[in-house]
Amino acid sequence: MAGPVLEGIIAYPVTPFAPGAAGGVDTAALTALVDRLIAAGCHAVAPLGSTGESAYLDDQEWYTTAEASLAAVAGRVPAVVGVADLTTRNAVRRARFAERAGADAVMVLPQSYWKLDEREVVRHFTEVADAVGVPVMIYNNPATSGTDLSPELMVSLVRRVENITMVKESSGDVQRMHRLARLTDGELPFYNGSNPLALEAFAAGAAGWCTAAPCLIPGPVLELHRAVRAGDLDTAREVFYRQLPVLEFILRGGLPTTVKAGLSLLGLDVGAPRPPLLPLDEPGTVRLAELLAATARATGTERHPAAPARRRAG
């Protein structure tokens, strides 16, 4: 199936929330964040991934976020909407909504309370893919979904279902990416979803890097991709090591929590993460500010973060 050209840096925005315990989706802040990501040069935008707290949104909030994100992208770059739900029925409903709202592709995570066996995984992906006409990206993230998809299973799905055309590998094992490349003679587009593996993943043949890091450090992230594309391994390695402390920190601290704290430090208030997630604590916020400032000094291209004292409480 012909689809959008997805390569390079696929940026994952957080979902901003308005102040207060019952705060809904802040579409104005979401639009501002999407604009920043595109203006920075990101090659695609992917709302409603794990970073976007998709699992913590009710149906109407999910629809609002999908619609507002796609309206903000406005066709300037490809848009990939994350689709995950405990039931196949609701995953189908969300995928169809995303397609109607203008998504160029949907990324499907097999989320389930019960651990899924191979038959159930195949049926879930097949039903979602059959329900839409846009390309489908398989998303393997066992840490959040509880289901680990082998390279062999993902390749078999790509071969048997026409519009399943891509794979996002987030298990943290770069050998999975090598296996995907070998099983398909390098013809299957696969994407890295593990920030600390960015350099290794590109070396393994990843078509792109799916990451929330451009919310905080777009310059170094895009510079890494340019160096890889140019075949300049020395520069790629240097650029990667400069940003690695930030990548490791935001992964360890939880992407919604740390990215939201970082955006606040950089002057864009996107609210707190939704409980049971909590805002980044004060020591963590101070450390993140230090890391962002160090990255800014090293690259000379980023805004320095504001002092942690300016962070909104709660």
Side-chain angles (χ1 to χ4, degrees), residues 6-12 42-44 46 49-51 80 82 107-110 118 121 125 136-159 164-214 216-218 220-255 258-259 295:
L6 285 179
E7 60 178 8
I9 304 304
I10 303 170
Y12 281 63
C42 295
H43 304 104
S50 305
T51 302
V80 184
M107 178 187 69
V108 180
L109 178 74
E118 185 170 316
V121 167
F125 275 103
V136 172
M137 176 188 287
I138 297 173
Y139 180 16
N140 184 43
N141 190 343
T144 58
S145 73
T147 299
D148 192 3
L149 309 177
S150 69
E152 289 78 9
L153 175 56
M154 292 189 284
V155 168
S156 73
L157 279 164
V158 170
R159 288 174 173 162
I164 297 181
T165 63
M166 303 169 280
V167 168
K168 177 185 173 186
E169 223 315 303
S170 298
S171 67
D173 181 0
V174 73
Q175 295 303 320
R176 304 282 190 98
M177 301 181 202
H178 289 300
R179 184 66 177 155
L180 289 168
R182 294 176 64 192
L183 286 169
T184 62
D185 294 324
E187 294 183 358
L188 172 65
F190 65 87
Y191 303 82
N192 169 50
S194 179
N195 284 337
L197 288 183
L199 182 60
E200 294 173 88
F202 278 130
W209 176 14
C210 300
T211 176
L216 306 183
I217 51 169
V221 170
L222 289 156
E223 188 180 356
L224 172 61
H225 178 252
R226 286 193 294 269
V228 169
R229 286 290 300 272
D232 186 349
L233 181 58
D234 289 339
T235 298
R237 187 183 299 112
E238 178 187 353
V239 170
F240 176 67
Y241 289 153
R242 288 205 306 261
Q243 62 190 279
L244 185 56
V246 172
L247 300 179
E248 292 175 331
F249 183 91
I250 64 176
L251 182 62
R252 284 196 307 268
L255 290 170
T258 53
V259 174
T295 303

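All residue numbers refer to positions in the sequence shown, counting from 1.
Inter-residue side-chain proximity for Leu224 and Trp209 is flagged as met; some heavy-atom pair is nearer than 4.5 Å. Counting heavy atoms from C-beta on, the side chains of Arg237 and Asp234 come closer than 4.5 Å.
Using modelled atom types, one side-chain atom of Asn140 and one backbone atom of Leu149 make a donor-acceptor pair closer than 3.5 Å. Ser194 places no side-chain N or O within 3.5 Å of a backbone atom of Gly172 that could act as its donor or acceptor partner. A side-chain donor-acceptor contact under 3.5 Å links Asp173 to the backbone of Gln175.
Here the straight-line distance linking atom CZ of Phe125 with atom CG of Leu109 works out to 7.0 Å at 0.5 Å rounding. Distance CG/Leu222 to NE2/His43: 6.0 Å, rounded to 0.5 Å. To the nearest 0.5 Å, the span separating CG on Leu199 from CG on Leu233 amounts to 6.5 Å. Here the CZ-CD1 distance, from Arg226 to Ile9, works out to 9.5 Å after rounding to the nearest 0.5 Å. For the atom pair Leu157 CG and Glu118 CD, the distance stands at 8.0 Å (nearest 0.5 Å). With rounding to the nearest 0.5 angstrom, the CG atom of Leu197 is 5.5 Å from the CE atom of Met177.
A side chain to side chain contact (heavy atoms under 4.5 Å, CB included) with Met137 is found for one member of Ile164, Leu6, Thr165 and no other, namely Leu6.
Listed here is the closest heavy atom pair of Met107 and Gly49: CE-CA, 4.3 Å. What you find for Cys210 and Asn195 is that their closest heavy atoms are O-OD1, 4.4 Å. For the pair Pro214 and Val221, the tightest heavy-atom approach, listed with the atom from each and the gap, is CG-CG1, 4.0 Å. Across Val228 and Ala236, no two heavy atoms sit closer than the pair CG2-CB, 4.1 Å. Counting all heavy atoms, side chain and backbone alike, Ala212 lies closest to Val259 at CB-CG2, 4.1 Å. Of all the heavy atoms in Leu247 and Ile250, the pair that sits closest is O-CG1, 3.4 Å.
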TODO: Tell me, with the steps shown, if Arg176 and Asp148 meet side chain to side chain contact (heavy atoms under 4.5 Å, CB included).
DONE: CA-CA 11 Å; Arg176 304 282 190 98; Asp148 192 3; 2.8 Å; yes
Task: Candidate pair Glu169 and Arg179, rule salt bridge (charged side-chain N to carboxylate O under 4.0 Å, His left out), full reasoning - done: CA-CA 11 Å; Glu169 223 315 303; Arg179 184 66 177 155; over 6 Å; no
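In this structure, Lys168 forms no cation-pi arrangement with Tyr191, as its terminal cationic atom is not both closer than 6.0 Å to the ring centre and no more than 45° off the ring axis.
Between Phe202 and His225, the ring planes lie tilted relative to each other; the angle falls in the 30° to 60° range.
Around the CD atom of Glu152, the shell of radius 6.0 Å holds more than 12 heavy atoms that belong to other residues, nucleotides or ligands.
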